[in-house]
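Below you'll find the structure, written out as structure tokens, and then a few comments.
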Amino acid sequence: MKHRKFHIPHLAAILSLAAILLAIAACREIELVVPTEYELLPAPIDPSARPAGMYLLNEANMGSNKASIDYVDFRNAYYVRNIYAGRNPEVVKELGDVGNDIQIYGSKLYAVINCSHKVEVMDAATCRRLGQVDIPNCRYIRFAKGKAYVSAYVGPVTIDPNAQLGAVYEVDTASLQVTRKVTVGYQPDELEVMGEYLYVANSGGYRAPDYDSTLSVVEIYGMKQIQKIPVGINLHRVRKDRYGKLWVTSRGDYVNIPSNLYVLDRKDKNSKEMAVTDTLNIPCSEMYIQGDSLYFYSVEWNKQTERNTVTYGIIDVRTKQLLTDHFITDGTEADIVIPYGIAVHPLTGYIYVTDAKNYVSSGVLHCYDRYGKKKWSVRTGDIPAHIVFYDPQ
């Protein structure tokens, strides 16, 4: 059995961390400094593990300024809580308010911090801060050909029947400068790059109950919206599969219209235009496509019972059929209060599900093997939500 090594890249600063934090404490007169914590995981050490690890962005409650990043080190079987604070002690307000998305492109790690109106950019290997891009009320981020594309509500964070249209900002990933912008639908959330187009899910959430129901199609070359595809009200997620289809979720109106999952495909083999080809009548809050399997969960609030209904499942993206209505097979889904994030390891098939618990205190990350049996659980930051795997270039 291999022994744990304490000189790995993600632990190199641990011995000097306490001294650094004490030295800068005076600079954070009103900020509560939460130190980085390291916890052993009940998992084997594998120095050659691919991916090497996994970043987890904790949203934290709006207004708390407690967004944080954790790291799962697969090679040394460690869980590192609040790694951003430890690697960037000079950043006074740490990561910011409400972490909404985290992605890796090239050698950089990007965290979209919604209510701090910025995209934080870090070195993916060390989590050291490289800079930030200021984007108002930013939501999600995707990449293509050296550019980042960031959806944004643009307007202030408030329910307003006259809330303005949202936008997608193009950012040069070398200079970290905004290069172009295009107006899309109301309160755009997730977006996806497929070929020469961006597909943007418009929610209209600020204009409730007058929600948006369209998927904007943006031509990347001209950076212009060329089409709005009617899908369903209050759209949220949009993901592509390897067959050229788009999977889009609707939140519904939380009262009479339930959440739903839609499939979009080309109108015919010679057409570039997409249209809704299937309405699956399956509620979906979050999904993760791995190979031909779409893993999903749903959390739906029932106004009559005043309780959440939580469901899990796997869909075959080829046939669009529900393969199972549960991917956790040992009964331990009962330990999860509010599932809030999901990812599937690209090689082992291990399933990672986060639990937001009560939304105001530490959450939990659960790891299940490919057969749905729990392997371990670990405490996270507040509202663990967004996951990206890290593999050194």
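Numbers here simply count residues along the sequence, with the first being 1.
- In this structure the side chain of Gln227 never reaches within 4.5 angstrom of the side chain of Glu219, judged on heavy atoms.
- Pairing each heavy atom of Asp70 with each of Gly381, the nearest pair is OD2-N, 3.3 Å.
- When all heavy atoms of Ser285 and Val299 are compared, the closest pair comes out as OG-N, 2.9 Å.
- Counting only heavy atoms from C-beta outward, the side chains of Asp97 and Asn114 never approach each other to under 4.5 Å.
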Side chain to side chain donor-acceptor pair (under 3.5 Å) between His386 and Glu59, intermediate numbers included
CA-CA 8 Å; His386 311 284; Glu59 283 190 5; 3.0 Å; yes
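- Considering only residues two or more places apart in sequence or on other chains, Tyr153 meets the ring pair (Phe, Tyr, Trp, His ring centres under 6.0 Å) condition with Tyr206.
- Side chains of Val217 and Ile229 form a contact here, defined as non-hydrogen atoms less than 4.5 Å apart.
- Among the candidates Asn65, Ile135, Leu95, Val119, the single residue satisfying the side-chain contact (heavy atoms from CB on, under 4.5 Å) test with Ile113 is Leu95.
- Using a distance-only test at 3.5 Å, with no hydrogens or angles considered, no donor-acceptor pair links the side chain of Arg251 to the main chain of Ser259.
- The shortest distance between side-chain heavy atoms of Ile387 and Tyr55 does not fall below 4.5 Å.
- By the 4.5 Å heavy-atom criterion applied to side chains, Tyr71 and Tyr79 are not counted as neighbours.
- For the pair Glu37 and Arg379, the salt-bridge criterion is met [side-chain N within less than 4.0 Å of a carboxylate O].
- Take Tyr295 and apply the ring pair (Phe, Tyr, Trp, His ring centres under 6.0 Å) test, not counting sequence neighbours, and it matches Phe327.
- Side-chain N or O atoms of Asn61 include none that pairs as donor or acceptor with a backbone N or O of Val360 at under 3.5 Å.
- Under the ring pair (Phe, Tyr, Trp, His ring centres under 6.0 Å) criterion, no residue pair touches residues 237-264, with sequence neighbours excluded.
- Annotation: side chain of Lys374 is in contact with side chain of Asp335 (closest heavy-atom distance under 4.5 Å).
- Between Glu273 and Arg266 there is no salt bridge, since no side-chain N of the basic residue sits under 4.0 Å from a carboxylate O of the acidic one.
- Applying the ring pair (Phe, Tyr, Trp, His ring centres under 6.0 Å) test to Phe143 and every residue at least two apart in sequence or in another chain returns Tyr105, Tyr110.
- Across Val168, Asp189, Val150, Val200, a single residue satisfies side-chain contact (heavy atoms from CB on, under 4.5 Å) together with Tyr140, and that is Asp189.
- For the pair Ala67 and Val98, the tightest heavy-atom approach, listed with the atom from each and the gap, is CB-N, 4.0 Å.
- Phe74 has its ring centre less than 6.0 Å from the ring centre of His345.
- When every heavy atom of Asp382 is checked against every heavy atom of Asn58, the shortest pair comes out as O-CB, 3.3 Å.
- The existence of a salt bridge linking Glu190 and Arg239 is confirmed by a sub-4.0 Å separation between a basic side-chain nitrogen and an acidic carboxylate oxygen.
- The stretch residues 210-238 participates, sequence neighbours left out, in no ring pair (Phe, Tyr, Trp, His ring centres under 6.0 Å) pair at all.
- Nearest heavy atoms, Ala356 versus Pro384: CA-CD, 4.1 Å.
- Note on Val184 and Ile141: separate hydrophobic clusters, where clusters join Ile, Leu, Val, Met, Phe, Trp and Tyr whose side-chain heavy atoms are under 4.5 Å apart, directly or indirectly.
- Between Lys245 and Asp241, at least one side-chain nitrogen of the basic residue sits less than 4.0 Å from a carboxylate oxygen of the acidic one, meeting the salt-bridge criterion.
- Looking at Arg242 and Asp292, their side chains come closer than 4.5 Å, going by heavy atoms from C-beta outward.
- Here Glu196 pairs with Lys272 in a salt bridge; the nearest charged N to carboxylate O distance falls below 4.0 Å.
- In terms of heavy-atom proximity, Arg142 sits nearest to Leu191 at CG-O, 3.1 Å.
- Partner of Leu294 under the side-chain contact (heavy atoms from CB on, under 4.5 Å) criterion, out of Leu322, Ile289, Ile282, Leu323: Ile289 alone.
- Of the possible donor and acceptor atoms, none in the side chain of Ser213 sits under 3.5 Å from a partner among the backbone N and O of Ile233.
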For Ser216 and Asn202: C-alpha separation, side-chain torsions, deciding distance, then whether side chain to side chain donor-acceptor pair (under 3.5 Å) applies.
CA-CA 7 Å; Ser216 286; Asn202 301 309; 2.9 Å; yes
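- Classified by interplanar angle (parallel below 30°, tilted 30° to 60°, perpendicular above 60°), the ring pair Tyr352/Trp376 is tilted.
- As a member of the Ile/Leu/Val/Met/Phe/Trp/Tyr network built from side-chain separations under 4.5 Å, Tyr186 groups with Leu165.
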Could you walk me through whether Ser48 and Asp46 satisfy the side chain to side chain donor-acceptor pair (under 3.5 Å) test, starting with their C-alpha distance in whole Å, then the side-chain angles of each, then the deciding distance to 0.1 Å, before giving a yes or no?
CA-CA 5 Å; Ser48 60; Asp46 181 2; 3.0 Å; yes
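- Using a 4.5 Å cut-off on side-chain heavy atoms (C-beta onward), Asn88 and Arg128 make contact.
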